[in-house]
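A short write-up of the structure that comes next.
We use all heavy atoms of the structure for the numbers below, so side chains are in, but hydrogens, waters and symmetry mates are not. Letters A, B, ... are given to chains in the order of the sequence lines, protein chains preceding strands, and every chain is numbered from 1.
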Amino acid sequence: MRWSQLFIPTLREDPADAEVASHKLLLRAGYIRQLAAGVYSYLYLGQRSALKIMQIIREEMDRIGAQEFYLPAIQPGELWKATGRWDEMAATMFQLKDHSGRDLCLGMTHEEVMTDIARHELRSYRQLPQIWYQIQVKFRDEARPKSGLMRLRQFLMKDSYSFDLDEAGLDTSYKKHYDAYCRIFTRCGLDYKIVEAYSGAMGGSQSHEFMVVSPAGEDQVATCVKECGYAANLEKARARVQPVKDDEGDRSPEVFPTPNVRTIEELVAFTGVKPEFLMKALVYVLPAADKREQKDQMVLALLRGDHQLNEAKLADALGGVTSRPAHPEEIRRQFGAEPGFLGPLGQKGIRLLVDEALRGRRNLITGANRNDHHVRHVTPEKDFTGEYHDLRLVADGDPCARCGRPLTVASAIELGHIFKLGRRYAEALGARVLDRDGREVTLVMGSYGIGVERILTAAVEQHHDQDGIKLPRSIAPFEVVVTPTNLNQAPIRQAAEQLYAELRQQGLDVLYDDRDERAGVKFKDADLIGVPLRLTLGKKTAQGLVELGQRSTGERADARISEAVGLVRSRYCG
RNA sequence: CGGGGCGUGGCGCAGCCUGGUAGCGCGCCUGCUUUGGGAGCAGGAGGCCGUGGGUUCGAAUCCCACCGCCCCGACCA
């Protein structure tokens with residue numbers, strides 16, 4: 001393509017509204033422009049990259065036998081009501097009505113529609129397994145879109161769905177996706193990690209996320225420093241506990257005054273006792289299930305003073321129900337004390353959830369449920385009983401649950417997520433087939449997603465420098481740029497034109513910078529938009545030489561013009 | 001949804017406190033010179049100052065309301 005005829009609106013300065021590197025660079029390089037919060041237009045370069053990413057995804061999905069569909073973005077509300085997600089997802093779903101008042105929504109994911117097809121069409125186990133996918137737009141009314149393409153309200157997703165007769169079949173479909181995802185992210189030139197993930201509101205048994213570690217990421221992952229391979233989303237991560245030596249002896253609880261001492265830090269300062277000998281009490285409220293008669297249930301979560309509560313684990317402990325922190329009035333009503341003075345002693349009608357790290361501990365200090373008082377010598381099991389669960393948020397440096405070496409906690413961008421869904425959606429929508437014995441069985445499903453823009457964003461985060469973007473060739477909008485430094489010199493122009501024509505004949509994506517600009521402008525722009533290889537025609541053209549420059553490494557080498565095309569093919573773009 | 005910040009030519013910003021002819025850099029157009037890391041000189045075009053109301057002789061500037069965007073938090077299949 002001739003640059004002089006293209007629309008590549010590069011900017012010299014950082015846009016005021018961009019904070020993270022990928023956002024700034026994608027705007028500056030003319031890949032994207034913003035339309036509204038979390039809504040972006042993909043201009044020529046952005047679209048070229050997106051198309052390449054989607055093509056890689058397509059090839060690898062096809063390779064595992066997945067079949068490409070294209071489903072509607074606009075969907076009937078009934079389907080979502082049938083699975084219970086019309087209300088469950090209402091906060092982030094764009095819901096609307098048609099002219100006659102029927103409920104519709106913009107698809108935020110496609111379990112419902114895919115399962116609807118499956119229930120109407122699949123009749124026999126002989127038709128299984130099936131893997132169906134699409135690359136399509138998704139809409140989510142995010143409360144806070146952010147960081148350019150990181151969290152969008154409209155975005156592209158490759159989503160696939162597997163339908164199997166049983167769990168063993170699901171395991172196979174899941175593994176196929178796992179492997180396909182590895183190939184996809186590798187081909188996109190990303191350095192990624194695979195972590196165990198929390199399934200959240202999707203339900204289901206097993207789940208992995210594909211992550212790129214980056215300060216711009218919104219997720220947190222815990223990774224073992226050693227080769228044991230343990231890696232998990234912080235929502236899910238487990239760790240061993242550093243053992244603590246308690247005071248021996250069977251002492252009895254003893255209330256003591258702690259005027260205005262509310263936080264763990266204040267309690268440490270006041271008593272001189274280290275936080276690991278304290279017990280913190282956090283109150284959560286479970287929304288009343290179903291009937292309005294039943295009132296909200298309160299839950300008290302107990303953790304070691306120096307530990308943090310992991311709300312995802314709390315939700316798991318509560319059977320997959322999301323709870324919310326209690327309001328101060330609710331706390332006063334139940335405990336007769338202010339937050340800051342709460343503890344497990346003498347509480348009725350409230351569920352006690354105790355973190356595993358408190359198992360076997362003795363003589364701890366906790367709140368007395370009386371303002372300005374705490375109580376010491378409290379021993380779980382002896383003085384109160386509760387259900388033990390792993391409730392703790394893993395912290396950087398905690399010993400790995402698998403090998404005991406320290407875990408590192410880092411921010412990461414979620415590129416893809418694979419779920420074993422089980423039968424939830426098939427059950428709700430009645431997707432069944434006859435098995436070998438003629439019995440009706442409910443399909444077992446998996447669902448698998450990849451964020452297209454996330455790949456682009458993560459790739460820019462991982463591959464850029466002061467001068468701009470350094471995308472890998474597989475997803476860069478162009479593979480080569482031919483840059484004549486001065487078009488007014490006929491030999492330079494002719495050599496450039498010829499190289500451009502020959503490289504195109506080789507089937508390469510070539511950009512020819514035929515703009516009437518000074519060399520410096522052309523170099524800056526080529527670096528900014530991230531063309532992996534630049535062929536520069538200039539001073540040495542008279543000697544029959546062209547300079548080959550690699551964007552990723554900064555390496556430059558001269559070559560004979562006559563041999564340049566062959567060299568590009570064999571050495572750089574093989 | 002809570003907290004904070006910002007809306008002024010295409011982009012980045014100043015002006016606002018203390019009301020009185022709307023300014024700077026980049027970009028854009030024309031011409032000449034220049035030509036391997038965002039050139040120089042000269043001339044020029046381009047602004048409902050986010051929107052609506054109010055105060056005032058007079059509002060980019062003061063007051064009120066609303067809208068939009070960004071950041072932190074809550075939320076996030």
Side-chain angles (χ1 to χ4, degrees), chain A residues 9-20 23-24 27-28 30 33-40 80 83-86 88-94 105-112 138-148 150-153 155 157 159 161 197-204 207 209 216 218-219 233 235 311-312 315 320 322 324-325 414 416-419 421 424-425 447-449 451 466-468 483-489 492-493 513 515-528 534-541 545-547 549 554 556 558:
Chain A
T10 57
L11 305 173
R12 296 196 178 205
E13 287 172 284
D14 279 340
D17 282 343
E19 199 90 350
V20 301
H23 190 201
K24 286 182 193 172
L27 284 167
R28 278 195 59 203
R33 286 294 183 261
Q34 182 175 33
L35 181 62
V39 182
Y40 285 80
W80 291 78
T83 59
R85 294 212 289 182
W86 180 260
E88 209 176 297
M89 302 285 121
T92 36
M93 185 159 39
F94 283 102
C105 66
L106 300 182
M108 53 192 297
T109 173
H110 282 71
E111 277 79 14
E112 277 76 3
K138 298 281 188 277
F139 298 92
R140 294 183 189 180
D141 193 3
E142 293 287 351
R144 181 149 104 83
K146 61 177 283 197
S147 305
M150 198 74 75
R151 195 196 305 181
L152 294 163
R153 295 196 295 172
F155 60 97
M157 182 189 257
D159 48 322
Y161 304 85
Y198 173 64
S199 311
M202 290 292 287
S207 157
E209 286 167 330
E218 331 194 58
D219 283 84
N233 191 303
E235 293 181 320
E311 293 194 359
T322 306
R324 61 165 171 84
E414 178 189 348
H417 199 160
I418 59 181
F419 294 91
L421 288 179
R424 172 179 173 182
Y425 298 93
S447 98
Y448 318 86
Q466 291 291 37
D467 295 321
T483 307
T485 57
N486 189 334
L487 287 170
N488 296 324
Q489 294 178 25
I492 290 178
R493 176 198 280 269
D513 196 348
R515 293 176 299 167
D516 183 20
E517 290 285 355
R518 294 163 63 88
V521 172
K522 295 185 179 187
F523 296 158
K524 288 287 185 191
D525 273 343
D527 287 351
L528 179 60
R534 188 179 80 209
L535 305 199
T536 310
L537 284 307
K539 286 175 183 158
K540 297 178 185 162
T541 303
L545 294 177
V546 55
E547 179 188 277
R556 289 185 206 173
D558 289 331

Subject >> Non-hydrogen side-chain atoms of Ser447(A) and His110(A) separated by less than 4.5 Å >> reply: no
Original post:
Under a 4.5 Å cut-off applied to non-hydrogen side-chain atoms, are Asn233(A) and Tyr198(A) in contact?
Top reply: no
Among [options], which is the nearest nucleotide to the side chain of [X]?
{"X": "Lys524(A)", "options": "G37(B), C76(B), C70(B)", "answer": "G37(B)"}
{"X": "Arg534(A)", "options": "C71(B), G37(B), G38(B)", "answer": "G37(B)"}
{"X": "Glu311(A)", "options": "C69(B), G36(B), C75(B)", "answer": "C75(B)"}
{"X": "Asn488(A)", "options": "C71(B), U35(B), C75(B)", "answer": "U35(B)"}
{"X": "Ala37(A)", "options": "C69(B), U35(B), A74(B)", "answer": "C69(B)"}
{"X": "Phe523(A)", "options": "G36(B), G27(B), C70(B)", "answer": "G36(B)"}
{"X": "Ala36(A)", "options": "C69(B), G36(B), G37(B)", "answer": "C69(B)"}
{"X": "Arg518(A)", "options": "G37(B), G36(B), U35(B)", "answer": "U35(B)"}

Heavy atoms under 4.0 Å, any strand shown: does [X] hit a base, just sugar-phosphate, or nothing?
{"X": "Tyr448(A)", "answer": "nothing"}
{"X": "Gln489(A)", "answer": "nothing"}
{"X": "Thr483(A)", "answer": "nothing"}
{"X": "Ser147(A)", "answer": "sugar-phosphate"}

So which protein N/O to nucleotides 2-8 of chain B N/O distances come out below 3.5 Å?
none

Paired with [N] by Watson-Crick or G-U wobble geometry, both distances under 3.5 Å: which nucleotide is it?
{"N": "G2(B)", "result": "C72(B)"}
{"N": "A39(B)", "result": "U33(B)"}
{"N": "U61(B)", "result": "none"}

Review item, nucleotides 9-11 of chain B N/O atoms under 3.5 Å of protein N/O:
none

**OP:** Using the C1' atoms only, state how far C69(B) lies from U51(B), rounded to an integer number of Å.
**Re:** 15 Å
Subject >> Length of the CZ-C1' vector between Arg324(A) and C1(B), whole Å >> reply: 15 Å
Original post:
CG of Asn486(A) versus P of A39(B): gap in Å, rounded?
Top reply: 14 Å
Subject >> Side-chain ion pair, Glu111(A) and Arg85(A), N-O less than 4.0 Å >> reply: yes
Subject >> With Tyr448(A) via ring pair (Phe, Tyr, Trp, His ring centres under 6.0 Å) - residues at least two apart >> reply: His177(A)
